[in-house]
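Below: the structure, in structure tokens.
A note on names: the letters A, B, ... follow the listed sequences, proteins ahead of strands, and every chain is numbered from 1. The model shown is predicted, which means the values in this text are computed figures rather than measured ones.
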Amino acid sequence: MPRTTVQRLRGFRDFLPRDMALREHITARFEEIFRSHGFQPLDTPALEYAETFEGKSGQEAETLMYRFLDHGNRRVGLRYDLTVPLARVMAMHPDLPTPFKRYHIAPVWRAERPQKGRYREFWQCDVDIVGSDQPIADAEILAIIPECLDAVGFERYRVLINNRKVLAALARVSGADPDQAQHIYRSIDKLAKVGREGVREEMLERGLSPATADRVLEIVSLSGESDEVLGSLLELLAKDAVGSEGVEEMRSILALVPSFGVDPACFVVTPSLARGLDYYTGVVFETVVDEPRVGSVTGGGRYDELVGQFSGRPLPTVGTSLGLERIIDVVEELRLLEPPRVSADALVTTFDDESTPESVRLAARLRAGGISAETYVGRSGNIRRQLAYADRLGIPVALILGPDERARGEVAIRDMRSGEQTSVPCEQAPERVLTILETS
RNA sequence: GUGGGUGUAGCUCAGCUGGUUAGAGCGGUUGUCUGUGGAACAACAGGUCGUGGGUUCGAGCCCCAUCACCCACCCCA
């Protein structure tokens, strides 16, 4: 028989049960937090008209989109992020009450060269608030980031914040040509990576004058307490109305964040933060961790024009994306969470074919009592093999229903961790199993 | 898209300067053990040495190409 090649597409992964345990645990925590803030669930198709995604995120992003012709010769594409589909949904459902708060946990696809912390199919956990231009919306999104990261054990991270308006002002104030603005953003974004000299060199290479480059560097190198940096920024950009507005926005947002119950110390105003996606119009932010080096684990910002690209009627929106696999990489590397067990709580063994129905009924009784229970589905008999099965899967309780027990209307219940085993009347089985589960 | 590294069993690897039938540990299955897991012992299964070509009497080992994976750049979650 000819065999099919056993191969996965590059950058695509299988998630085995041991992987799923952690993934689901983490997404469940995020979901809990999102819902506790009143965000509602949303899902959209993986595949959409290519046009939906085009002209939204930027040139760079577009080259990374999976696009192709379907059987009906339609130009289609796999979603590149969850933000653009949200904008499309808002435009298609103008009756949705605003402000609209939604979360969306789903895979996205990018045809990049895979490497550490980077895959072609990966999951984003997005929260967005559509239809509010108020600082409280930005503040709530920002506050949720540390709440989520803390919930999965993160201890050291920084949420960098900047504002596109400040960036635009920076380009104007330093005397660059308007068409050089993009070059400036590109270069300064690498400040932390290549240092001042590296950024300066790159700006000169891209045709900026030394005087302009130095002025850019002066502003971008500001660091320290957020209040101080904001104050200095305001002075340096005083002549620029939009830039000053951007600074004030950050000030009012950061002033509100502590009221959400998060420690403001993790937020760092970072004038060099640019972010690549074209649709951002106001504050932008991303979270970085120093160890392990996985790049940013979250990214987001305010995009007030994107919905308007679909409906003609702009809706101010702010949101963020948490990168599931990078967060998992950190959690695994630093052993921040114990992966939960995904096996059943109890295994009911089958002694022989004749008594198997009784074992099946016992498992059903356990389930009715709120215990996840499976009956061994391999060949009956050979208790040794069945206990080994429970052991391998990490099932903490095994039940044995042999002739001796049946004669007395009992069942033997074995605590797989301690090896202790006692017989109890069948009716008491759920109670006994629960006791073992609680103590382990 | 650009640069670098690596490809031998499911996993981690060994394989002496090219020399008969390619090995180990772990894992898997089965048995010792037709009423008891984690241990031990034994057996078995599993490999066209990534693929194609070349050099050679002879290639897992040398050369070329190609593919895949990893790392970095670009960009990003």
Side-chain angles (χ1 to χ4, degrees), chain A residues 3 5-14 16 57-65 80-83 105-126 145 148-149 185-187 189-190 193-194 198 202 273-278 284-289 293-300 319-330 347 349-353 355 376 378-406 411-421 423:
Chain A
R3 281 206 280 171
T5 312
V6 180
Q7 205 176 29
R8 258 176 335 217
L9 238 28
R10 152 177 249 190
F12 288 72
R13 296 154 301 154
D14 295 318
L16 298 180
S57 307
Q59 198 53 51
E60 183 79 31
E62 227 150 279
T63 63
L64 301 176
M65 284 175 193
Y80 176 87
D81 64 15
L82 303 177
T83 306
I105 299 174
V108 301
W109 292 268
R110 297 182 189 177
E112 295 186 89
R113 239 24 206 240
Q115 53 178 285
K116 191 178 181 63
R118 171 175 304 184
Y119 309 94
R120 288 186 167 173
E121 177 182 56
F122 63 98
W123 285 60
Q124 294 194 320
C125 312
D126 276 36
I145 295 168
C148 286
L149 296 180
Y185 304 162
R186 283 275 171 87
S187 305
D189 208 26
K190 290 180 207 151
K193 200 167 206 167
V194 300
E202 190 172 324
L273 178 70
R275 299 197 50 79
L277 298 175
D278 279 358
V284 289
F285 35 83
E286 71 179 38
T287 306
V288 293
V289 291
R293 299 200 74 75
V294 289
S296 52
V297 295
T298 83
T320 195
S321 181
L322 292 92
L324 182 58
E325 6 289 295
R326 288 188 179 175
I327 289 170
I328 287 175
D329 281 351
V330 173
L347 173 76
T349 56
T350 54
F351 196 85
D352 50 33
D353 289 349
S355 68
Y376 186 69
R379 204 183 317 129
S380 65
N382 200 339
I383 298 301
R384 177 185 202 79
R385 187 207 308 270
Q386 298 187 40
L387 290 179
Y389 170 82
D391 186 45
R392 283 304 307 275
L393 267 68
I395 298 174
V397 180
L399 294 91
I400 299 155
L401 206 48
D404 297 350
E405 288 81 10
R406 286 202 294 151
V411 56
I413 300 183
R414 184 178 183 80
D415 181 337
M416 294 297 288
R417 282 176 235 254
S418 66
E420 278 170 42
Q421 183 171 320
S423 287

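- With P as the reference atom, B:U30 and B:A72 are 42 Å apart, rounded to whole Å.
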Self-check item: Watson-Crick or G-U pairs under 3.5 Å in RNA chain B, rendered as dot-bracket with [ ] for crossing pairs and | for another strand
Solution: (((((((..((((.....[...)))).(((((.......))))).....(((((..]....))))))))))))....
Exercise. Show your reasoning for whether side chain to side chain contact (heavy atoms under 4.5 Å, CB included) applies to A:R385 and A:Y376.
Key: CA-CA 10 Å; A:R385 187 207 308 270; A:Y376 186 69; 3.3 Å; yes
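- Separating the NZ atom of A:K116 from the C1' atom of B:G5 is a distance of 16 Å, rounded to the nearest angstrom.
- Each of A:G300 and A:P114 was matched to the nucleotide of RNA chain B holding its nearest heavy atom; the match closer to the 5' end belongs to A:P114.
- Nucleic acid contact for A:Q386: none, since no nucleic acid atom lies under 4.0 Å from a heavy atom of the residue.
- When only modelled atom types and interatomic distance are considered, A:T350 and A:S380 share no side-chain donor-acceptor pair under 3.5 Å.
- The phosphate of B:C69 has OP1 or OP2 within less than 4.0 Å of a side-chain N or O from A:R10.
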Quiz item: How does protein reach along nucleotides 30-36 of chain B, written 5' to 3' as B (base within reach of a heavy atom under 4.0 Å), S (only sugar-phosphate), or - (no contact)?
Solution: SS-B-BB
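- Among the heavy atoms of the strands lying under 4.0 Å from A:L277 are primed sugar atoms or P, OP1, OP2 only; no base atom is included.
- Taking only side-chain nitrogens and oxygens, A:R118 never comes nearer than 4.0 Å to OP1 or OP2 of B:A77.
- For A:Q115, no side-chain nitrogen or oxygen approaches OP1 or OP2 of B:C70 to under 4.0 Å.
- Nearer to the 5' terminus of RNA chain B, by closest-nucleotide assignment, is the contact made by A:L9 (compared with the other of A:L9 and A:G117).
- Using a 4.0 Å heavy-atom criterion, one finds that A:Y389 contacts no nucleic acid atom at all.
- Neither OP1 nor OP2 of B:C75 sits under 4.0 Å from any side-chain N or O of A:R113.
- Residue A:K193 has a polar side-chain atom (N or O) positioned under 4.0 Å from OP1 or OP2 of B:C73.
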Quiz item: Would A:L401 and A:S355 count as a side chain to side chain contact (heavy atoms under 4.5 Å, CB included) if you check the C-alpha gap in whole Å, the side-chain angles of each, and the deciding distance to 0.1 Å?
Solution: CA-CA 8 Å; A:L401 206 48; A:S355 68; 5.9 Å; no
Enumerate donor-acceptor pairs with a distance under 3.5 Å from any side-chain N or O in residues 107-114 of chain A to protein atoms, sequence neighbours excluded.
unit_1: A:W109; atom_1: NE1; unit_2: A:E121; atom_2: OE2; d: 3.0
unit_1: A:R110; atom_1: NE; unit_2: A:Y80; atom_2: O; d: 3.1
unit_1: A:R110; atom_1: NH2; unit_2: A:Y80; atom_2: O; d: 3.3
unit_1: A:E112; atom_1: OE1; unit_2: A:R118; atom_2: NH1; d: 3.3

